[in-house]
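Presented below is the structure to which this report refers.
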Protein chains: 2
Amino acid sequence: MTEDERKSWLTVQDEVRRLIRQRDWKPGELIPHEADLAREFGCARATVNRALRGLADAGLLERRRKAGTRVALNPVRRAEFSIPIIREEIEGKGQRFGYRIFLREMRVPPPDVQARLQLNVAQPILYLKTLYTADSRPYVFEERWINSIAVPDVLDADFEVLSPNEWLVREVAFDGGDFTFSGVAATAEEAAILTCRVGEGLLVLERTTRHGGLMITYVRLLFHPGYQIHTRC
Amino acid sequence: MTEDERKSWLTVQDEVRRLIRQRDWKPGELIPHEADLAREFGCARATVNRALRGLADAGLLERRRKAGTRVALNPVRRAEFSIPIIREEIEGKGQRFGYRIFLREMRVPPPDVQARLQLNVAQPILYLKTLYTADSRPYVFEERWINSIAVPDVLDADFEVLSPNEWLVREVAFDGGDFTFSGVAATAEEAAILTCRVGEGLLVLERTTRHGGLMITYVRLLFHPGYQIHTRC
DNA sequence: CAGATTATTATGTATATACATAAACACGAT
DNA sequence: ATCGTGTTTATGTATATACATAATAATCTG
């Protein structure tokens, strides 16, 4: 402890993590305040602050002014996953990326899609059905509605060069969105496109993407059988 | 601009976000370095650093030493979802929580579970089948393997009072884990337990939880038809 | 004694300064 | 030209200091 070893906020963070894991600091318990820890670790309060703030963000600690810092009662309860661009996901596995647009037309969206895109008039917008393939095998079937009123440029887009997915990522700066995971059984059409059995259990990812105040696009991704979304925390 | 308004790293962050959203700073483009921004915003470099670091963590910026900071090409979308305790999730919806343990026995796990739990000997461990209900209706069917070698106390646990889920959260400090989402079609047994049609598409969440170097538990959660995991970013 | 007021305290943020580090860039030798 | 080598530069981190803020604790007041 008397050594002048290299300090860093990561060292502090690891040590605190260790104390929590080993139950030296029990869930719900108040831990020493920053100034004390700084003295104990032989570093500045700012360094301790950086470390503890990180752990609080991660949900391991709960901090309140004046009240102090305590170990979270129920630890780690959030996980993060990244939403990859389909091409990158496939190429990242060393497979050949491809896609085929089955349908591209202007169509009046059904009420639920109208609601998701916050369209108040029943107006035709761009509708696309695309199959993305990995090594020529069905990977994910994408059904996409694009709010072509908000993004008129999309009507001139040549999706033969750039997939709808990538075109939008390139041309429109997204702000945020909603994601929904669910499971469904393949319909006859879906089974035909994904070349799987009718009724096979598939993972569905729906997302609605926002830019500024406008809803840009709603996508329903139907993954091939056996596909898994994986994340760790 | 000449005003002495209150500054903060959040103000800087918002302004940078705005510049990116409005495409004043385009994807892939290099932005001014911290010192310049600090002068421009009339604050210290540390403040700019805090703001930009946050945006980089969020995936909006990419930073490299000497190379500078640039707007991310693909606004790397990551979403975060919270892992609720089942009881809290159900009660949070104003429904009555219940559960029923169908099976509780020592059993040698199949090879894939053995691998997940990093067991190198085929040894019987605790195996549980539990149905969680919301207002008495099937909510999620849980199949759980508990590494009772690592957590011997679990053998004495009385799951009539506290569900296996909560018992583990209370008694074992988790370190992290793996999560996998997928979709499956209900088997005959699963359909019977969840009272749905055989072949119905269901969402599956598998998770393996770690504590220290040890794998504690592997769970497979099979949600009722129509269940969705929702998140936004 | 309830309710308002003030003091105290732990976290939150801002600042100037200093040095560490990674990586791009220029320069020189082979 | 190619390969290393050193310089430059932007980010990354650490520190002391100062003040802000929220929430608890103590005190005053009717």
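Letters A, B, ... are given to chains in the order of the sequence lines, protein chains preceding strands, and every chain is numbered from 1.
Atom OG of B:Ser82 sits about 8.5 Å away from atom CD of B:Glu89, to the nearest 0.5 Å.
Residues A:Tyr139 and A:Tyr132 place their aromatic rings such that the two centres sit no closer than 6.0 Å.
With C:dT15, D:dT11, D:dT24 as the candidates, the nucleotide lying closest to the side chain of A:Lys66 is D:dT24. When distances run from any side-chain atom of A:Ala44 to the nucleotides D:dT13, C:dA14, D:dT15, the shortest one goes to D:dT15. Listed candidates were C:dT15, D:dT15, C:dA23. Nearest to the side chain of B:Arg64 is C:dA23.
Remark: B:Arg65 pairs with no residue by the side chain to side chain contact (heavy atoms under 4.5 Å, CB included) rule, at least two apart or across chains.
D:dT11 atom C1' lies 15 Å from atom CG of B:Leu55, rounded to whole Å. Between the CZ atom of B:Phe41 and the C1' atom of C:dT15 there is a distance of 17 Å, given to the nearest Å. Regarding B:Arg65, its CZ atom lies at a distance of 12 Å from the C1' atom of C:dC19, rounded to whole Å. Atom CG in B:Asn49 sits about 18 Å away from atom P in C:dA20, given to the nearest Å. Rounded to a whole Å, the CG atom of A:Asp36 is 9 Å from the P atom of C:dT11.
Residue A:Thr47 places none of its side-chain N or O atoms closer than 4.0 Å to OP1 or OP2 of D:dT13. Within the structure, a side-chain polar atom (N or O) of A:Ser8 is placed less than 4.0 Å from OP1 or OP2 of D:dA14. Of the side-chain N and O atoms in A:Arg53, none sit less than 4.0 angstrom from OP1 or OP2 of C:dT11.
Among the protein residues, A:Arg45 comes within range of the nucleic acid bases, having at least one heavy atom under 4.0 Å from a base atom.
Residue order along DNA chain C, read from the 5' end via each residue's closest nucleotide, puts A:Glu34 first among A:Glu34 and B:Leu10. Of the two residues contacting DNA chain C, namely B:Ala46 and A:Arg63, the nearest-nucleotide position lying further toward the 5' end is that of A:Arg63.
With respect to A:Glu62 and A:Arg70, no salt bridge is recorded, no charged nitrogen being found less than 4.0 Å from a carboxylate O. Salt-bridge formation is not detected for the pair B:Glu91/B:Arg96: no Lys NZ or Arg NE/NH1/NH2 atom is positioned less than 4.0 Å from an Asp or Glu carboxylate oxygen.
Between B:Tyr227 and B:His224, the two ring planes are perpendicular [angle over 60°; tilted spans 30° to 60°].
Two end axes, each from the C1' atoms of five base pairs, can be drawn for the helix from C:dC1-D:dG30 to C:dT30-D:dA1; they diverge by 0°, to 10 degrees.
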**Request:** Could you check A:Phe159 against A:Leu128 for side chain to side chain contact (heavy atoms under 4.5 Å, CB included), going step by step and ending with a plain yes or no?
**Result:** CA-CA 10 Å; A:Phe159 293 136; A:Leu128 290 155; 3.7 Å; yes
